[in-house]
**Q** 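I'd like to ask some things about the structure below.
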There are 2 protein chains.
Amino acid sequence: MDPHVALGAKFAGWADLGFDDARCPVRNLLDRIGDRWSTLLIAALAGGPKRFSALARAVPDISKRMLTQTLRTLETDGFVHRDVQPTVPPSVTYSLTPLGQSFAGPLLNLVEWAEANFEDVLEARSRMADAA
Amino acid sequence: MDPHVALGAKFAGWADLGFDDARCPVRNLLDRIGDRWSTLLIAALAGGPKRFSALARAVPDISKRMLTQTLRTLETDGFVHRDVQPTVPPSVTYSLTPLGQSFAGPLLNLVEWAEANFEDVLEARSRMADAA
DNA sequence: TTGACATGGTCTCAAGTGGAGACCAATAGG
DNA sequence: CCTATTGGTCTCCACTTGAGACCATGTCAA
């Protein structure tokens, strides 16, 4: 079965369940990790544990506010482990849990698709721009 | 190479490029299709072409405004084809382009991961809730 | 005839969300 | 004594999103 046919079948199944957030794992999860920063932070942590400030440096255009908030969400969802060393000043290290690491698989597929098809998207954009 | 190691390597590569949006296909694409509705609409269209009102019925909690806007973006990026029949009242049919269909592959992987690991995420959430 | 409904949107207004940057306590180093 | 570092929080403002009214045209039922 072609992937897009399989995906269409999945969608039909969700529609039967009424799209209840609690019952549709896909919407529930994708609404949370499908934001601007979550996937990027998972990728940043895929290379190994990092401290808060190291993450801030690794992802230069995230604000501290969103960094904190996104890491908290990833922690409560079990993607990330937060380890606080009560030194002064405090040292907080973030790392991927096994669950977070297992997510790297599908995420890597997405990344590879994006790299492989970026040219086509750019072409489509310029075609539309010319048409307008 | 484990997926998460490979992903970490990718990330290191991006960091070297300075995260320029124009140069990082991944951020460029994920910032656009990584929103609340794009992936859902692609899934809805994976089963075959649909008219505007059929999409609105298939995804009950999207507003017309966001439906129009998301479809426009998907169209300019080449994921979706828009076919207008100038009847009265007009009939507009949306369908996935080959590019859009090829995206169904990675998206399906993501969906399957979400279904397989949803329980673990729920457990993590309740553990965190108990701790607080 | 009059009214309701369907089509594929657009428009406006209110609510929500994200980014920028000030601020914090405590300590180490110059 | 002055400053920098740590891991954040808080406030304010801009931008995005959602809800819902509105539109022109034509068909169908009462």
Side-chain angles (χ1 to χ4, degrees), chain A residues 19-21 27-28 30-42 44-45 48-77 80-95 128 131-132, chain B residues 18-21 24 27-41 44-45 48-77 80-95 128 131-132:
Chain A
F19 284 103
D20 187 354
D21 240 29
R27 292 198 66 179
N28 190 305
L30 261 60
D31 281 355
R32 294 179 77 129
I33 58 164
D35 66 353
R36 198 178 186 74
W37 303 116
S38 296
T39 50
L40 200 57
L41 288 179
I42 290 172
L45 287 171
K50 279 193 175 57
R51 296 179 59 173
F52 184 88
S53 48
L55 279 171
R57 266 175 265 122
V59 183
D61 51 350
I62 193 176
S63 64
K64 284 178 169 188
R65 188 178 164 281
M66 287 311 293
L67 181 54
T68 303
Q69 186 175 309
T70 306
L71 285 170
R72 292 273 196 276
T73 303
L74 289 175
E75 191 195 0
T76 74
D77 282 4
V80 157
H81 175 69
R82 179 168 180 266
D83 185 47
V84 186
Q85 230 63 27
T87 58
V88 172
S91 166
V92 182
T93 303
Y94 293 90
S95 53
M128 291 297 291
Chain B
F19 283 106
D20 188 355
D21 240 30
C24 182
R27 293 198 65 180
N28 190 304
L29 283 180
L30 261 58
D31 281 355
R32 292 179 78 129
I33 59 164
D35 66 353
R36 198 179 186 73
W37 304 116
S38 295
T39 50
L40 199 58
L41 288 179
L45 288 172
K50 279 193 175 57
R51 297 179 58 174
F52 183 88
S53 49
L55 279 171
R57 265 175 265 120
V59 183
D61 51 351
I62 193 176
S63 65
K64 284 180 170 189
R65 188 179 164 282
M66 286 311 293
L67 181 55
T68 303
Q69 186 174 309
T70 306
L71 285 170
R72 292 273 195 274
T73 302
L74 289 175
E75 193 196 0
T76 73
D77 281 4
V80 156
H81 175 69
R82 179 167 180 266
D83 186 47
V84 186
Q85 230 62 26
T87 58
V88 173
S91 166
V92 181
T93 303
Y94 293 89
S95 54
M128 291 296 293

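Note that these values count all heavy atoms, side chains included, but never hydrogens, waters or copies made by symmetry. Letters go in sequence order (proteins before strands), and every chain restarts at 1.
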**Q** Expressed in angstrom and rounded to an integer, what is the separation of A:Lys50 atom NZ from D:dT6 atom P?
**A**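 So the two atoms are 15 Å apart, to the nearest Å.
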**Q** When you check the phosphate oxygens OP1 and OP2 of D:dG7, does a side-chain N or O of A:Ser53 lie under 4.0 Å from one of them?
**A**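 Answer yes for this pair, as a side-chain N or O of A:Ser53 is under 4.0 Å from OP1 or OP2.
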**Q** Within the structure shown, what part of the strands sits under 4.0 Å from B:Ser91 by heavy-atom distance: base, sugar-phosphate, or nothing?
**A**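 It contacts sugar-phosphate atoms only.
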**Q** Distance check needed: D:dT6 P versus A:Asp83 CG, whole Å only.
**A**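 Distance check: A:Asp83 CG to D:dT6 P gives 17 Å.
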**Q** Can you measure A:Met66 atom CE to C:dG21 atom P for me and round it to whole angstrom units?
**A**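 It is 17 Å, rounded to the nearest whole Å.
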**Q** Taking side chain as C-beta onward, heavy atoms only, is A:Leu45 less than 4.5 Å from A:Leu55?
**A**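 SC-SC contact between A:Leu45 and A:Leu55 confirmed.
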**Q** Measure from the side chain of B:Lys64, starting at C-beta and using heavy atoms only, and say which of D:dT9, C:dT10, D:dA19 lies closest.
**A**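 Closest nucleotide to the B:Lys64 side chain: C:dT10.
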**Q** Contact class for A:Arg51 vs. all strands (heavy atom < 4.0 Å): base, sugar-phosphate, or nothing?
**A**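 Counting heavy atoms under 4.0 Å across all strands, the contact made by A:Arg51 is with sugar-phosphate only.
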**Q** Without decimals, in angstroms, what is the distance between B:Glu75 CD and C:dG8 C1'?
**A**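 Nearest whole value for this atom pair: 14 Å.
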**Q** Whole-Å distance between C:dG8 C1' and B:Leu71 CG?
**A**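 One finds 11 Å between C1' of C:dG8 and CG of B:Leu71, rounded.
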**Q** Which one, D:dG7, C:dG18, C:dG9, comes nearest to the side chain of B:Arg82?
**A**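 It is C:dG9.
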**Q** Just compare D:dT25, C:dT7, D:dG8 and give me whichever is closest to any side-chain atom of A:Val92.
**A**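 From the listed options, D:dG8 comes nearest.
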**Q** Between A:Thr68 and A:Lys64 (side chain of the first, backbone of the second, donor and acceptor by atom type, cut-off under 3.5 Å), is there such a pair?
**A**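 Yes; judged by distance alone, with no hydrogens or angles, the pair exists.
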**Q** Separation of B:Ile62 atom CD1 from C:dG9 atom C1', in whole Å?
**A**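 Computing the B:Ile62:CD1 to C:dG9:C1' distance gives 13 Å.
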**Q** With side chains defined as the heavy atoms from C-beta onward, is the minimum distance between A:Asp35 and A:Gln69 less than 4.5 Å?
**A**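 A:Asp35 does not reach A:Gln69 side chain to side chain.
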**Q** Are the side chains of A:Thr76 and A:Arg32 in contact, using a 4.5 Å heavy-atom criterion?
**A**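 Yes - at least one pair of side-chain heavy atoms lies under 4.5 Å apart.
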**Q** Rounded to whole angstroms, how far apart are CG on A:Leu67 and C1' on D:dT9?
**A**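 The answer, rounded to whole Å, is 13 Å.
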**Q** Let me spell it out: for each of B:Tyr94 and A:Pro90, pick the nucleotide of DNA chain C with the closest heavy atom. Which residue's pick is nearer the 5' end?
**A**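 Per heavy-atom nearest nucleotide, the more 5' residue is B:Tyr94.
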**Q** Counting side-chain heavy atoms from C-beta on, which of D:dT6, C:dG9, C:dG18 comes nearest to A:Arg65?
**A**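 Among the listed nucleotides, the one closest to the side chain of A:Arg65 is C:dG18.
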**Q** B:Trp37 side chain N/O closer than 4.0 Å to the phosphate oxygens (OP1, OP2) of D:dT16?
**A**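 Result: no.
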**Q** Would you indicate whether the side-chain heavy atoms of A:Arg82 and A:Leu71 approach each other to under 4.5 Å?
**A**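 No, too far: nothing below the 4.5 Å cut-off.
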**Q** Measure from CZ on A:Arg57 to C1' on D:dG7 and round the result to the nearest Å.
**A**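 That distance rounds to 12 Å.
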**Q** Counting side-chain heavy atoms from C-beta on, which of D:dG8, C:dT7, C:dG19 comes nearest to A:Arg72?
**A**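 Ranking D:dG8, C:dT7, C:dG19 by closest atom to the A:Arg72 side chain puts D:dG8 first.
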**Q** Taking OP1 and OP2 of C:dT17, is either one under 4.0 Å from a side-chain nitrogen or oxygen of B:Arg36?
**A**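 No.
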**Q** Between C:dG19, D:dG7, C:dG9, which nucleotide gets closest to the side-chain atoms of A:Ser63?
**A**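 Out of C:dG19, D:dG7, C:dG9, the nucleotide with an atom closest to A:Ser63's side chain is C:dG19.
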